[in-house]
Asks: 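If you scroll down you'll find the structure; I have some questions about it.
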Amino acid sequence: MTVTEEITTLLHRNFGVEPEETRSGASLHELGMDSLALEELRVLLEERLGIDLEDVRLTSRETVAQLATAVDEKTAR
């Protein structure tokens, strides 16, 4: 499963975002993610992928693709 697929799955299961809404250009704000939801998503990604995202700045302006790139960079280390 790709990082984008992992993000899509977590958004769907935990936040009710339909998979077709998570196109790579969609901002997290467009998907209804506020700061609390972003922090929850960070924790879920860390647990699911066994990585530390504390130094990754997540804002609702980020897109799904930008988040996937940041996570990819962490998993490559």
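Everything numeric here is computed off the predicted structure, so don't read it as measured data. Heads up: numbering here begins at 1 and tracks the sequence.
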Asks: Remaining members of Met1's ILVMFWY cluster at a side-chain heavy-atom cut-off under 4.5 Å?
Replies: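 Hydrophobic cluster check, Met1: no partners found.
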Asks: So which atom in Ala70 and which in Val56 form the shortest heavy-atom distance, rounded to 0.1 Å?
Replies: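 Residues Ala70 and Val56, closest heavy atoms: CB-CG1, 3.8 Å.
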Asks: State, to 0.1 Å, how close Thr22 and Leu31 come at their nearest heavy-atom pair, and which atoms those are.
Replies: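 Heavy atoms of Thr22 and Leu31 come nearest at CG2-CD1, 4.1 Å.
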Asks: Heavy atoms, side chains only, cut-off 4.5 Å: are Ile51 and Leu45 in contact?
Replies: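 No, too far: nothing below the 4.5 Å cut-off.
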Asks: What residues, two or more places apart in sequence or in another chain, satisfy side chain to side chain donor-acceptor pair (under 3.5 Å) together with Arg48?
Replies: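 If we apply the side chain to side chain donor-acceptor pair (under 3.5 Å) test to Arg48, skipping adjacent residues, the hits are Glu6.
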Asks: Output every pair passing side-chain hydrogen bond (donor to acceptor under 3.5 Å, both in side chains) with a member in residues 31-42, not counting sequence neighbours, ordered by first then second residue.
Replies: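 Sorted result for residues 31-42: Glu39-Arg42.
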Asks: Could you work out, with side chain to side chain donor-acceptor pair (under 3.5 Å) as the rule, every residue matching Thr4, not counting sequence neighbours?
Replies: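 Thr4 satisfies side chain to side chain donor-acceptor pair (under 3.5 Å) with no other residue.
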Asks: Mind checking side chain to side chain donor-acceptor pair (under 3.5 Å) for Thr9 and listing every partner two or more places apart, or none if nothing turns up?
Replies: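 Per chain and number, Thr9 pairs via side chain to side chain donor-acceptor pair (under 3.5 Å) with no residue.
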Asks: About how many Å separate CZ of Arg61 and OG1 of Thr63, when rounded to the nearest 0.5 Å?
Replies: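 One gets 12.5 Å once the value is rounded to the nearest 0.5 Å.
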Asks: If you look at every heavy atom in Ser60 and Ser27, which pair is closest and at what distance?
Replies: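 Closest heavy-atom pair between Ser60 and Ser27: O-CB, 3.7 Å.
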Asks: Stepwise, does the salt bridge (charged side-chain N to carboxylate O under 4.0 Å, His left out) test hold for Glu30 with Arg23?
Replies: CA-CA 11 Å; Glu30 290 173 331; Arg23 66 196 185 288; 3.7 Å; yes
Asks: Distance-only check: which donor-acceptor pairs under 3.5 Å involve side-chain atoms of residues 10-21, not counting sequence neighbours?
Replies:
{"residue": "His12", "atom": "ND1", "partner": "Val17", "partner atom": "O", "Å": "3.1"}
{"residue": "Asn14", "atom": "ND2", "partner": "Leu10", "partner atom": "O", "Å": "3.1"}

Asks: Between Asp52 and Glu46, what is the shortest heavy-atom contact and its length?
Replies: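 So the two residues come closest at OD1-OE2, 3.4 Å.
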Asks: What are the two closest non-hydrogen atoms of Leu38 and Leu58, and how far apart are they?
Replies: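 Distance-wise, the nearest heavy atoms are O-CD1, 3.8 Å.
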